[in-house]
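All residue numbers in this chain count up from 1 along the given sequence.
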Amino acid sequence: SASEELEDAGCRFHDAPPEALAALRGAREPLPAEPEAINPRFLSLAQAISTDSLLATMTRLTSHPTRYTPNAEYEVTALQMRDYFQTLGLDQVYIHEFTCCGGTRENVVGIKLGATIPEEILIVGGHLDSISQSPQTNAPGAEDNATGSSAVTELARVLAPVETER
């Protein structure tokens with residue numbers, strides 16, 4: 001099952017409700033007739049998500065003619081994302097360079113340490129690059145993957161000022 005593959009790869013499920021683990025293992029239970037009350041803390045976080053902020057990030061990302069990784073425009077985009085993460089006040093922000101596909105590539109990494117158990121981490125990611133039939137000149141990538149990158153960025157914006165366990 002998917003959860004067993006993740007566990008075999010070294011992933012651990014912290015404080016996951018038994019129903020969630022059972023669902024990952026393939027068990028399906030009927031949904032309750034009435035949903036449980038929403039935790040007020042989660043509700044306030046959900047309400048902090050801004051459509052305007054999401055659209056602004058997506059507009060900023062798609063304003064580049066291409067975000068194809070080997071193109072210099074990708075590096076400009078990565079630096080802009082790094083700078084934005086720094087304005088959020090994350091604990092660590094940096095460009096992670098790695099070698100792939102015949103060249104040096106970059107990931108943008110933003111880290112928010114947990115207050116209680118900082119040694120345990122949650123990873124949220126998206127890919128900043130894009131591809132098309134003509135990637136060197138035309139790959140603004142609204143659906144690949146400005147939408148996902150915008151969601152990750154919005155999550156970072158909402159959670160940056162919040163004290164978390166992990």
How many angstroms lie between [atom1] in [X] and [atom2] in [Y], if you round to the nearest 0.5 Å?
| X | Y | atom1 | atom2 | value |
| --- | --- | --- | --- | --- |
| Asp52 | Glu154 | CG | CD | 9.5 Å |
| Arg67 | Asn145 | CZ | CG | 7.5 Å |
| Tyr68 | Thr137 | OH | OG1 | 11.0 Å |
| Arg166 | Ile117 | CZ | CD1 | 3.5 Å |
| Glu119 | Thr116 | CD | OG1 | 9.5 Å |
| Arg82 | Asn107 | CZ | CG | 14.0 Å |

Legend entry - Shared hydrophobic cluster, Leu61 / Ile95 (ILVMFWY, side-chain heavy atoms < 4.5 Å):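 Leu61 clusters together with Ile95.
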
Legend entry - Co-membership, hydrophobic cluster, residues Ile131 and Met81, 4.5 Å side-chain: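 The answer is no; the residues belong to distinct hydrophobic clusters.
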
Strictly distance-based, threshold 3.5 Å: is any side-chain N or O of [X] a donor or acceptor partner for the main-chain N or O of [Y]?
| X | Y | answer |
| --- | --- | --- |
| Ser132 | Asn138 | yes |
| Arg157 | Leu88 | no |
| Tyr74 | Ser130 | no |

What heavy-atom pair brings [X] and [Y] nearest, and what distance separates the two atoms?
| X | Y | answer |
| --- | --- | --- |
| Arg105 | Pro70 | NH2-CG, 3.8 Å |
| Ala156 | Phe85 | CB-CE2, 4.1 Å |
| Met58 | Ser150 | N-OG, 3.2 Å |

Inset, instruction - Please confirm whether Arg60 makes a cation-pi placement over Tyr84, using NZ or CZ under 6.0 Å from the six-membered ring centre and within 45° of the ring normal. - result: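 Output yes; distance and angle both within limits.
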
Inset, instruction - State which residues pass side chain to side chain donor-acceptor pair (under 3.5 Å) with Asp144; sequence neighbours excluded, sorted by chain then number. - result: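 Asp144: side chain to side chain donor-acceptor pair (under 3.5 Å) contacts with His127.
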
Inset, instruction - With sequence neighbours left out, write down each residue that passes side chain to side chain donor-acceptor pair (under 3.5 Å) with Gln92, or none if nothing qualifies. - result: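 Result, side chain to side chain donor-acceptor pair (under 3.5 Å) vs Gln92: none returned.
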
Legend entry - Side-chain heavy-atom pair Ile111, Tyr94 within 4.5 angstrom cut-off: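 SC-SC contact between Ile111 and Tyr94 confirmed.
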
Legend entry - Check: Leu55 and Ser53 side chains under 4.5 Å, non-hydrogen atoms: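 Result no, sub-4.5 Å side-chain heavy-atom pair not found.
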
Legend entry - Side-chain cluster (under 4.5 Å, hydrophobic types only) that Val158 belongs to, other residues: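 Once heavy-atom contacts under 4.5 Å are chained together, Val158 belongs with Phe42, Leu45, Ile49, Leu54, Val124, Val152, Leu155, Leu159, Val162.
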
Legend entry - Pair Thr66, Glu73: side-chain N/O donor-acceptor within cut-off below 3.5 Å: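 No donor-acceptor contact under 3.5 Å links the two side chains.
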
Legend entry - Pair Thr104-Glu97, side chain to side chain donor-acceptor pair (under 3.5 Å): steps then yes or no: CA-CA 6 Å; Thr104 300; Glu97 292 186 348; 5.5 Å; no

